[in-house]
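The structure under discussion appears below in the form of structure tokens.
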Amino acid sequence: MRTVAVVGASLAGLSAARSLRKQGYDGRLVVVGDEPHRPYDRPPLSKEFLAGTLAEAELALEGDDEDLVAEWLLGTRAVALDHRGRKVRLADGREVRADGFVLATGAAARTLPGSEGLAGVHTLRTLDDARALRDELARGGRLVVIGGGFIGAEVASTAYALGLEVTVVEAAPTPLAGPLGEAMGAVVSGLHADHGVRLVCGVGVKGLSGESRVDAVLLEDGRSLPADIVVVGVGARPNVEWLEGSGIALDNGVKCGADGRTSLAGVVAVGDCANWYDPRAGHHRRVEHWTGARERPDAAIATLLAQGAVEPGVPRPPYFWSDQYGVKIQFAGHAAAADSVTVEAGSADGRDVLAVYRRAGDPVAVLGMNQPRLFTRWRKQLAATP
């Protein structure tokens, strides 16, 4: 291959570019990114950066002396993939011709219909999002977080520490039941009540009120929650609209094999936009976690450079972490695959749980709350399980 184009300049795209060089590719490398910024770390955006304890420069993912000998086309998004012509068309009219492509366009935060143009309403996905929200939180007031997932919970935790009055609204009866299961979801979301953050569950949001600026969140049961600031944390959608009509298989993202290969030769996908096949789970799933974006590009690049002539391995079980109210939460594996969950150490009341999820007696997932040593041991065991 004389030219490889990496479309997406966040962690997954940077990891793919690094992997190309690490695996011996010495041809032309072009990296396209829709944001104007060089690659930066997203996890701190909802925590240290939002709290003002981490400087913007500390978000950088590249070392001062790192040089991938790449052409960086930043601040312009890809709008079409022409597989037959072996090129990507950009929004500014330019075209990037290449022999191989890595799709790493990530995902975009879902918004609340009707909130467009209403001041005080935020999502949190990008550095620019975090800048705007940080400035608002610094002024204090009443914050309503819509969505009790990890991003919403981390924002609530940060805002609580900054002295804001915080309410979290979750449509499901139990926050985090999807990734953690109902029992452990209830334990982890109990951190809100422990710190005086109001948690409203089992009711959806009807809309927002306010003329030029939001002043309340309207619930479907008729209640109204006064708000000076609203953060919408209701998940993300993969950025794959630009691939429609390209011939590539799409299904909740770019549909991939267990090594990132797509339905088109010479094209692999990584990161939040990629729906990889998981041999352990027996189905495809998008892994929207930092570790997946860091680790999986190695396998995808090996597949790309070998032109699909390598056998796919088994990806490590998905892993993610979250920091809330001073508690480090770690999770690995698939909670949905479990038929039981047991507390192996600590206690739910103490918020220092080490819980193991099993199916037919075999471990399939592990959760740790302030249990890093035990968690690491169990995570290694999960990775070694066929």
Side-chain angles (χ1 to χ4, degrees), residues 1-78 88 90-92 94 96 98 100-109 124-132 134 151 154 236 239 260 268-274 287-302 304-305 316 319-321 323:
M1 291 186 179
R2 291 179 297 178
T3 300
V4 173
V6 177
V7 187
S10 193
L11 175 63
L14 175 63
S15 297
R18 284 170 169 164
S19 190
L20 279 160
R21 295 309 189 201
K22 181 174 64 179
Q23 295 188 38
Y25 175 73
D26 59 3
R28 180 181 177 226
L29 174 57
V30 182
V31 183
V32 178
D34 62 345
E35 294 185 63
H37 315 292
R38 297 287 289 202
Y40 60 87
D41 208 14
R42 294 187 191 274
L45 295 182
S46 57
K47 300 182 283 286
E48 299 93 340
F49 182 79
L50 202 60
T53 60
L54 187 74
E56 197 166 305
E58 296 176 90
L59 296 173
L61 287 171
E62 300 167 278
D64 292 338
D65 58 349
E66 183 174 15
D67 184 6
L68 294 171
V69 194
E71 300 172 35
W72 294 84
L73 305 181
L74 301 178
T76 183
R77 61 186 177 86
V88 169
L90 308 183
D92 62 10
R94 287 182 290 179
V96 178
F101 299 89
V102 181
L103 309 181
T105 46
L124 182 56
R125 183 77 186 182
T126 68
L127 175 57
D128 291 338
D129 292 339
R131 286 170 172 167
R134 183 183 59 180
I151 289 294
E154 289 171 0
N239 290 322
V268 296
V270 295
D272 290 2
C273 74
V287 176
E288 299 179 80
H289 307 311
W290 189 96
T291 307
R294 171 62 187 85
E295 295 178 348
R296 293 192 171 189
D298 283 346
I301 294 305
L304 180 68
L305 295 180
R316 295 179 67 187
Y319 163 72
F320 62 86
W321 76 92
D323 296 295

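Between the CG atom of L61 and the CG atom of L59 there is a distance of 8.5 Å, given to the nearest 0.5 Å. The distance from the NE2 atom of H289 to the CG atom of L11 is 13.5 Å, given to the nearest 0.5 Å. Here the straight-line distance linking atom CH2 of W321 with atom CH2 of W290 works out to 5.5 Å at 0.5 Å rounding.
No donor-acceptor distance shorter than 3.5 angstrom exists from the side chain of Q23 to the backbone of L20, with no hydrogens or angles considered. Between the side chain of E35 and the main chain of G75, no donor-acceptor pair closer than 3.5 Å is present. A donor-acceptor pair under 3.5 Å links the side-chain atoms of R125 to the main chain of A107, judged by distance alone. Using modelled atom types, one side-chain atom of N239 and one backbone atom of T105 make a donor-acceptor pair closer than 3.5 Å.
Inter-residue side-chain proximity for L73 and V30 is flagged as met; some heavy-atom pair is nearer than 4.5 Å. Contact check for V270 versus V102: side-chain heavy atoms found under the 4.5 Å cut-off. The side-chain heavy atoms of M1 and R28, taken from C-beta on, include no pair separated by under 4.5 Å. Side-chain contact between V6 and L29 is present, with heavy atoms from C-beta onward closer than 4.5 Å. Inter-residue side-chain proximity for L45 and L50 is flagged as unmet; no heavy-atom pair is nearer than 4.5 Å. Proximity of E66 to R18: side-chain heavy atoms (C-beta onward) are separated by under 4.5 Å at one or more points. Within the 4.5 Å cutoff, no side-chain heavy atoms of L54 are placed close to those of K47. A heavy-atom distance below 4.5 Å is not found between the side chains of F49 and P43.
Taking both residues in full, the closest heavy atoms of V96 and F101 are given as O-CE2, 4.4 Å, listed atom of the first, atom of the second, then distance. Taking both residues in full, the closest heavy atoms of S46 and E154 are given as OG-OE1, 2.6 Å, listed atom of the first, atom of the second, then distance. The minimum heavy-atom distance linking V69 with R21 is given by the pair O-NH2, 2.9 Å. Here the shortest heavy-atom pairing between S15 and P297 reads CB-CG, 3.7 Å. Residues V31 and A17 approach most closely at CG2-CB, 4.4 Å, considering heavy atoms. Heavy atoms only, all atoms of each residue included: G271 and A12 are closest at CA-CB, 3.7 Å.
Summarising the local packing, CZ of R134 is surrounded by more than 12 heavy atoms from other residues, nucleotides or ligands at distances under 6.0 Å.
Checking each of R42, H37, R38 against Y40 for a side-chain hydrogen bond (donor to acceptor under 3.5 Å, both in side chains) leaves exactly one that passes, namely R42. For the side-chain contact (heavy atoms from CB on, under 4.5 Å) with L90, the lone residue among D34, T76, V7 that qualifies is T76.
A salt bridge links K22 with D298; the closest basic N to acidic carboxylate O contact falls under 4.0 Å.
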L68 vs L14, test: side chain to side chain contact (heavy atoms under 4.5 Å, CB included). Steps then yes/no.
CA-CA 9 Å; L68 294 171; L14 175 63; 3.8 Å; yes
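Looking at T291 and E295, their side chains never bring a donor and an acceptor atom within 3.5 Å of each other.
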